[in-house]
Amino acid sequence: MKRWILLAAILSANSAVSAGVESITVYQNPNCGCCSGWSDYMKSSGFNVTTIKTADVASHKVRLGVPEKLSSCHTAILATSGQIIEGHVPIAAVKKLLAMPEIEGVSAPGMPINSPGMGALDGNLVTLDFKGRKFSRD
């Protein structure tokens, strides 16, 4: 019986890898509930999320090259591509980002109320790439 359980665990892990489960690391303030809401949203969207709670999120933004004018409350980095997700970016924009490796990062600047972790998407959330150009509308 133990062998079957071990085999099932191995097959399950292999399925996750072959299914292309993306991992992200999120830098967030330990006291921010909306950041945790976005991390939970990404988990429910199938991402493997590692959260690093730090009072110095700003230094990670600088290190990762987040443009100051596009800043939000948390910063995430995609493990496979190194691309940056700044703030409450919806899953559709993240998937688009993954399909466009030439784009360094995408942002939902500030803390928009119509964004994951802040409220329901209403079709009016505009995300921007790191050059300040419109990236998506969700």
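Values reported hereafter were calculated over all heavy atoms of this structure, with side chains retained and with hydrogens, waters and symmetry mates removed. FYI, the numbering just counts along the sequence from 1. Not measured: the values here are computed from a predicted model.
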Hydrogens and angles aside, do Asp56 and Thr54 bring a side-chain donor and acceptor to less than 3.5 Å of each other?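 Result is no, nothing qualifies.
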Answer yes if the side chains of Thr25 and Thr50 hold a donor-acceptor pair under 3.5 Å, and no otherwise. no
Search all heavy atoms of [X] against all heavy atoms of [Y] and return the closest pair with its distance.
X	Y	result
Pro112	Leu125	CG-CD1, 3.5 Å
Val21	Gly46	CG1-O, 3.6 Å
Leu97	Ile84	CD2-O, 3.8 Å

Shared ILVMFWY cluster between Val26 and Val57, side chains joined below 4.5 angstrom? no
Report yes or no: do Phe47 and Val106 belong to one cluster of Ile/Leu/Val/Met/Phe/Trp/Tyr joined by side chain heavy-atom distances under 4.5 Å?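 In one cluster with Phe47: Val106, yes.
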Please identify which of these residues, Asp129, Val89, Val126, Leu128, meets the side-chain contact (heavy atoms from CB on, under 4.5 Å) condition with Phe135. Asp129
Under the side chain to side chain donor-acceptor pair (under 3.5 Å) definition, can you give me all pairs with a residue in residues 96-116, not counting sequence neighbours?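 Sorted result for residues 96-116: Asn114-Asp122.
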Can you tell me how far [atom2] of [Y] sits from [atom1] of [X], rounded to the nearest 0.5 angstrom?
X	Y	atom1	atom2	value
Lys53	Cys35	NZ	SG	9.0 Å
Met118	Cys73	CE	SG	7.0 Å
Ile103	Lys131	CD1	NZ	8.0 Å

Taking only residues two or more places apart in sequence, or in another chain, which ones meet Ser81 in a side-chain contact (heavy atoms from CB on, under 4.5 Å)? Leu78, Gln83, Leu98
4.5 Å side-chain heavy-atom contact, [X] and [Y]:
X	Y	answer
Met42	Val94	yes
Cys34	His88	yes
Ser39	Gln28	yes
Ile24	Ile77	no

Check the surroundings of atom CD1 in Ile52: do more than 12 heavy atoms from other residues, nucleotides or ligands lie under 6.0 Å from it? yes
Treating Tyr41 as the side-chain partner and Ile91 as the backbone partner, does any N or O pair qualify as donor plus acceptor under 3.5 Å?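 Yes; judged by distance alone, with no hydrogens or angles, the pair exists.
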Would a distance-only check, ignoring hydrogens and angles, find a side-chain to backbone donor-acceptor pair under 3.5 Å from Arg137 to Gly123? yes
Side-chain atoms of residues 61-71: list all donor-acceptor pairs with protein atoms under 3.5 Å, sequence neighbours left out, distances to 0.1 Å.
from	atom 1	to	atom 2	distance (Å)
Lys61	NZ	Ser72	O	3.1
Lys61	NZ	Thr75	OG1	2.7
Lys61	NZ	Glu86	OE1	3.3
Lys61	NZ	Glu86	OE2	2.5
Arg63	NH2	Tyr27	OH	3.2
Arg63	NH2	His60	ND1	3.0

